[in-house]
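I have placed the structure first, in the form of structure tokens, so that the comments after it can refer back to it.
In what follows, every heavy atom counts, from backbone to side chain, and hydrogens, waters and symmetry copies are set aside.
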Amino acid sequence: MIRRLSRRAFVGSLAALAASPAIAFKPQSAYAQQPALPRRIGVLFVAFSPESKEAQAFRQGLRDAGYAEGRDVVIEWRFANSDYDRIPGLVADLVQRKVDVIVIDSTPGVQAVKRATSTIPIVMTIIGDPVGSGLVANLAHPGGNVTGLSMMAPEIWAKRLQLLKDTIPRLARVAVLSNPDVAWQPKAVESLKTVAPSLSIQLSFVSVRTPEEIGPAFSAVRPARAQALYVFNDALLIVHRGTVIRLAAKANLPTIFGERRFADEGGLMSYGPNWPDAWRRSAGYVDKILKGAKPGDLPIEQPTKFEFVINLKTAKALGITIPESILVRADEIIR
């Protein structure tokens, strides 16, 4: 039986509803958690590119930390192609875009970012001498807005020279190719000068600041009658490594480098930190900063993985027999 509500009762029920406390009604979408906007990461490559192994390793580090590109983070890639004059403009662009953190691969790059901002966190990757370059106060507590990874390890510089001597026991004269405008390299040069006498090696030094100076640098090596070439890591020489390798081969010079690309592409040997691994680890710093950590409180890490690579094809072309005692120490041999 259907109960009919009288007109008087209906009007009374409306009055009671009007007198009751107000009930707020919200659209269903308002109760759903609104997703946060993706965080913006600026990556400034001076020596590398977004297609490099370093870039892929950095992306992998972000994925390992739980970030998905496009959903959680957006990466603003910038590439100076070893042109130091372009760095200030690229830095200014990233600062203007108000990225949440800037990751960078060179000492001149970090110096430029520090001059441009004291608030945006900076994660440096494989920087030569962050303390001596004035980038941080100390490695344990860097202070300011800079942290990251350093490749500051003077024993590495000496060890490369030792590897040359062990490979070519009669080695007496070595030319060193460097860029004195890079803050840490003069210190590395002094380190080599200290160790060379104990190895009975005479050093000669050739400076390269621009791509145009690479060819003349090899001409300057000839009067010193160098028997081998020692090349410092520098964005300029990394980007133009093909020219360096070709000219060294033409001059019949055995070479040692600090980065394995050189050995992969025709240099005799390389010994140094695993750079892709360092870039992967730098993503961990980005993760901590995005979660609220202050960069100045994050200790700077030293390299943990090193690679010794020998190119036997190059050794054969140079007429060099690599001693078995050296081959067994190599992490990789290119045949």
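- None of V101, T147, L290 except one satisfies the side-chain contact (heavy atoms from CB on, under 4.5 Å) rule with Y285; the exception is T147.
- Residues satisfying the salt bridge (charged side-chain N to carboxylate O under 4.0 Å, His left out) criterion with R63, sequence neighbours excluded, are absent altogether.
- Contact record, Q111 with A183: NE2-CB, 3.9 Å, taken as the closest heavy-atom pair.
- Not one N or O on the side chain of K288 forms a donor-acceptor pair closer than 3.5 Å with the backbone of A293.
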Self-check item: Derivation of the side-chain contact (heavy atoms from CB on, under 4.5 Å) call for V43 and F79
Solution: CA-CA 8 Å; V43 177; F79 179 38; over 6 Å; no

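- When side chains are defined from C-beta on, L139 counts as touching Q302, because their heavy atoms get closer than 4.5 Å.
- There is a side-chain donor-acceptor pair under 3.5 Å between N274 and E307.
- Side-chain atoms of K187 do not come within 3.5 Å of backbone N or O of D129 as any donor-acceptor pair.
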Practice problem: Apply side-chain contact (heavy atoms from CB on, under 4.5 Å) to N311 and M269, showing your working. | Solution: CA-CA 6 Å; N311 190 319; M269 296 187 297; over 6 Å; no

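- No more than 12 heavy-atom neighbours from other residues, nucleotides or ligands sit within 6.0 angstrom of CD on Q202.
- Of the possible donor and acceptor atoms, none in the side chain of Q162 sits under 3.5 Å from a partner among the backbone N and O of A158.
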Exercise. Assess whether side-chain contact (heavy atoms from CB on, under 4.5 Å) is satisfied between K313 and R335, documenting all intermediate values.
Key: CA-CA 6 Å; K313 292 189 292 184; R335 301 181 185 275; 5.6 Å; no

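- What you find for D72 and G66 is that their closest heavy atoms are OD2-O, 3.6 Å.
- Of all non-hydrogen atoms in G267 and I245, the two that sit nearest each other are N-CG2, 4.0 Å.
- Figure legend: cation-pi geometry between K193 and F205, with NZ or CZ positioned under 6.0 Å from the six-membered ring centre and within 45° of its axis.
- Formation of a donor-acceptor pair under 3.5 Å by the S207 side chain with backbone atoms of P180 is not found in this model.
- A salt bridge does not link R329 to E324: none of the charged side-chain nitrogens sits closer than 4.0 Å to a carboxylate oxygen.
- Put simply, I334 and L253 are part of two different groups of oily side chains (I, L, V, M, F, W, Y) that touch within less than 4.5 Å, one to the next.
- Exactly one residue among V131, V136, D297, L298 makes a side-chain contact (heavy atoms from CB on, under 4.5 Å) with P142. That residue is V136.
- The aromatic rings of W77 and F45 sit parallel, their planes meeting at an angle under 30°, below the 60° perpendicular limit.
- Residues S270 and E259 are not in side-chain contact: their nearest non-hydrogen atoms beyond the backbone lie 4.5 Å or more apart.
- Between F232 and S178, the closest heavy-atom pair is CD1-CB, 3.2 Å.
- Here the shortest heavy-atom pairing between P273 and M151 reads CG-CB, 4.2 Å.
- Note: W184 and W157 have parallel aromatic rings, judged against thresholds of 30 and 60 degrees for the angle between ring planes.
- Looking at L237 and V208, their side chains come closer than 4.5 Å, going by heavy atoms from C-beta outward.
- Using a distance-only test at 3.5 Å, with no hydrogens or angles considered, a donor-acceptor pair links the side chain of T117 to the main chain of T119.
- Proximity of P323 to D166: side-chain heavy atoms (C-beta onward) are nowhere separated by under 4.5 Å.
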Quiz item: Could you walk me through whether I310 and I326 pass the side-chain contact (heavy atoms from CB on, under 4.5 Å) check?
Solution: CA-CA 9 Å; I310 300 173; I326 297 296; 3.7 Å; yes

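- Between I41 and V103 the shortest side-chain heavy-atom distance falls below 4.5 Å.
- Ring planes of Y271 and F306: parallel class, angle under 30° (limits at 30 and 60°).
- In the hydrophobic clustering of this structure, V206 groups with V176; members are Ile, Leu, Val, Met, Phe, Trp, Tyr whose side-chain heavy atoms approach within less than 4.5 Å, directly or through other members.
- For the pair R78 and L94, the minimum side-chain heavy-atom distance is below 4.5 Å.
- Between D105 and A47, the closest heavy-atom pair is OD2-N, 2.9 Å.
- Between R71 and E69, none of the side-chain N atoms (NZ, or NE/NH1/NH2) sits under 4.0 Å from a carboxylate O, so this pair counts as no salt bridge.
- Salt bridge annotation for D100-R39: present, with a cationic side-chain nitrogen under 4.0 angstrom from a carboxylate oxygen.
- One hydrophobic cluster holds both L203 and V189 under the rule that ILVMFWY side chains link at heavy-atom gaps under 4.5 Å.
- Under the 4.0 Å criterion applied to side-chain N and carboxylate O atoms, R280 and D277 are assigned as salt-bridge partners.
- When hydrophobic clusters are built by joining Ile, Leu, Val, Met, Phe, Trp and Tyr residues whose side-chain heavy atoms come closer than 4.5 Å, directly or via intermediates, V123 is grouped together with V73.
- Looking only at distances, a side-chain donor or acceptor of N145 sits under 3.5 Å from a matching main-chain atom of I120.
- The closest donor-acceptor contact from the side chain of S52 to the backbone of S49 lies under 3.5 Å.
- Counting heavy atoms of neighbouring residues, nucleotides and ligands inside a 6.0 Å radius, atom CZ of R173 exceeds 12 of them.
- Residues L312 and V309 do not share a hydrophobic cluster, defined by chaining ILVMFWY side chains whose heavy atoms lie under 4.5 Å apart.
- Classification of the F257-F262 ring pair by plane angle, with boundaries at 30° and 60°, yields parallel.
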